Each structure stands twice: as C-alpha cells, then as structure tokens.
Amino acid sequence: MPTRTGPPFTVATPRPLPAEREGDHWILEAAGKQVKLTNLPKVYWPEQGYTKGDLLAYYFNVADAILPHLAGRTLTLKRMPDGIAGTTPYPRGTPSSFFERHPPKNTPDWVPRCVVPGEGGTLAENLMAGDVASLLFVANLGCIDMHPSHARCARYDEPDWMVFDLDPMPPSGFAEAAAVGRHVRAALDSLGLKGYPKTSGATGVQIFVPVAPGHTYEQTRGVAGAIARLIVAADPDGATLEWDTTQRGGK
DNA sequence: GCTCCTT
DNA sequence: AAGGAGCAACGCCGA
DNA sequence: TCGGCG
Ligand SMILES: [Mn+2]
C-alpha cells in the first residue's frame, strides 16, 4: 500500500536531501535548476520500509561518484514507480516495472539528450544525466536502475568499455564468481588488457575493461565471447555460457 | 510517474 | 471523473 | 524469418 502520510525519509544520509516542500510535492534546487520531486513518503522497498525519498537521498549522496560514469552516455532507465515489488492487475502479478530510453513528455529542457539515428533514417532522442538535477529528475521517475551506454554519445556506436558479467547460481556464490574473475584477468593479461572488477548484486562480479577508441560493438562482442568460451573450455565445472537461466545451475 | 486516450 | 495503455532494443537461440 | 527470452 503506497503511503502518502509516512515519513519521506527513513535512512540517515551524510548529506540530507535539501528539498523544500511546496504544496503536495518537493523542490530541489541544483545549479539553478529546479527539480520537482513527488511522493517521497511512498514505500519502494516494502520489506525494509525504505521510501522513494530514501532513493532520491541516496542518488543525491552518491552523485559525485556516479555522475562521471553517466555523463555523456545515453541512459536506459529501469523504472519501478510502484517500488521493487509493484505488480500490474493484469496479467495478474506481472511486475509493473518498465524500461525507458526516450525523454518522457514532462522532461525539463535542461535534461541532456543524445540524438541518434533510429529505424529507417529517423532520429531518436535518448536521455542522459549529466548533473545533480538531471540525475534526480530521472530518479524521481521511479528509476531505480540506470544503465549507461557502453559508448559515449559523441561516438554512440563505438563502445569504450566492455564488461564480463559473472552471475553465480546457488550453490555457487561470490567465491566461485571471483574464481572465474581470475580466469578473466588471466585472459586479459595475455592480451595486454586491464580489467576493473566490482561486486554486482548480492554475490555477482562484473569486470569492466577499457576499450581503445575506434572499435565496434561487433568487435568487442567477438573478443568477450572468445575469452568467455576459452574460460568455459578451461573450467567447464566452474563456468557456463548457458543462455537459459534454468539450465545453468551451480555455476 | 505521468501523459494521453477512451469511456 | 475515472480507468487503461504505453513507456527500449538487440543478440541469441530454437522453431 | 519469427517469437521468446536475456
Ligand atoms: Mn550480473
């Protein structure tokens, strides 16, 4: 049950969100831009009771860390305006989340866009987030996940990084994913490439690899696929490229 | 979360 | 006034 | 070539 009456924030953050209430909503001012924020008390994480306000405060607090990774790249938003457990009435129980890439109609003109060629000679506008205001604007849409493009807008078809996504399936966990990550590092070493690992979700690992300018997605996909197949061949019990998630148990 | 379109 | 639909895009794979 | 799935 969405609440409009509960507290807007339930988690203390180093820098509280400096949003001022204005009638039924809030206004955040950042670098002269006014961002309208709505429904802060709405519970987005029912299990923990975390609110949309908590989400916005989170993105405000990590802005300095996250913005360098978003700026100049188109974003695919994963929007969950009814929280992480929201569902649609029909079909019954279907998650009410959805993806969005184009600026919705109410997007302020100061939110940056990337114009890219679309289907059949058309042009499409894609969202970007370049500063605190645009970051908080997309977060207010109920966007919990943000997926930045592997390529910068200026060279939208030339990725400047590739990623190895290691998702352990029970009973495998983080340790097993890290072990596969070491295989990835060995392969990258032999190619003179450097990978930057990070945790992902509860038990996963992702390894980001900078790619020199001038390469296509087809090329990076080919390299990543070749490395992945080598690892599966070397460690068939520890790694799989199985596409069907129900078929990749234990790896 | 918000707009648009149909009832 | 109330309610529903729409909101990305692409590679992989098996049919 | 199409549809489901990621
Ligand atoms: Mn993952």
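Computed from a prediction, not measured in an experiment: that's the story for all the values here.
Distance from the side chain of A/Asn106 is smallest to B/dC2 among B/dC2, B/dG1, C/dA9. Considering only the side chain of A/Asn140, B/dC2 comes nearest among C/dA8, B/dC2, C/dC12. Nearest to the side-chain atoms of A/His102 among the listed nucleotides C/dA8, B/dT3, D/dG6 stands C/dA8. Picking from B/dG1, C/dG11, B/dT3 the nucleotide with the shortest atom distance to the side chain of A/Trp243 gives C/dG11.
Listed pair A/His147 / C/dA8 fails the phosphate criterion, with no side-chain N or O lying under 4.0 Å from OP1 or OP2. Residue A/Thr38 places at least one side-chain N or O closer than 4.0 Å to OP1 or OP2 of B/dC2. Contact annotation: A/Lys52 reaches the phosphate of B/dG1 (side-chain N/O to OP1 or OP2, under 4.0 Å). A sub-4.0 Å separation between OP1 or OP2 of B/dG1 and a side-chain N or O of A/Asn39 is present. Within the 4.0 Å cut-off from OP1 or OP2 of C/dA9, not a single side-chain nitrogen or oxygen of A/Thr76 is found.
Nucleotides C/dA8 and B/dC4 have their P atoms positioned 15 Å apart, rounded to a whole Å.
Taking atom OH of residue A/Tyr156 and atom P of nucleotide C/dA8, one finds them 19 Å apart after rounding to whole Å. Per the geometry, CE belonging to A/Met162 stands 17 Å off C1' belonging to C/dG11, to the nearest Å. Distance CG (A/Leu55) to P (B/dG1): 10 Å, rounded to an integer number of Å. Between A/Glu125 atom CD and C/dA8 atom C1' there is a gap of 15 Å when expressed in whole angstrom units. One interatomic measurement links the two molecules: NE2 of A/His25 to P of B/dC2, which rounds to 10 Å at whole-angstrom precision. The separation between A/His150 atom NE2 and C/dA9 atom C1' is 13 Å, rounded to whole Å. With rounding to whole Å, A/Gln219 atom CD is found 15 Å from C/dG11 atom P. Rounded to whole Å, the distance from CZ on A/Arg101 to C1' on C/dC7 is 13 Å.
Screening A/Leu40, A/Asp54, A/Leu37, A/Leu17 for a side-chain contact (heavy atoms from CB on, under 4.5 Å) involving A/Pro8 leaves a single residue, A/Leu40.
In the model, A/Lys52 has a side-chain atom that pairs as donor or acceptor with a side-chain atom of A/Asn140 under 3.5 Å.
Between A/Leu141 and A/Lys105, the residue anchored closer to the 5' end of DNA chain B is A/Leu141, taking for each the nucleotide with the nearest heavy atom.
Heavy-atom neighbours of A/Lys198 NZ from other residues, nucleotides or ligands within 6.0 Å: above the threshold of 12.
Within 4.0 Å (heavy atoms only), A/Arg221 reaches sugar-phosphate atoms of the nucleic acid but no base atom.
Geometrically, A/Arg15 engages A/Phe60 in a cation-pi contact, judged by NZ or CZ lying under 6.0 Å from the ring centre and within 45° of the ring axis. Judged by the 6.0 Å and 45° rule, A/Lys42 forms no cation-pi pair with A/Tyr44.
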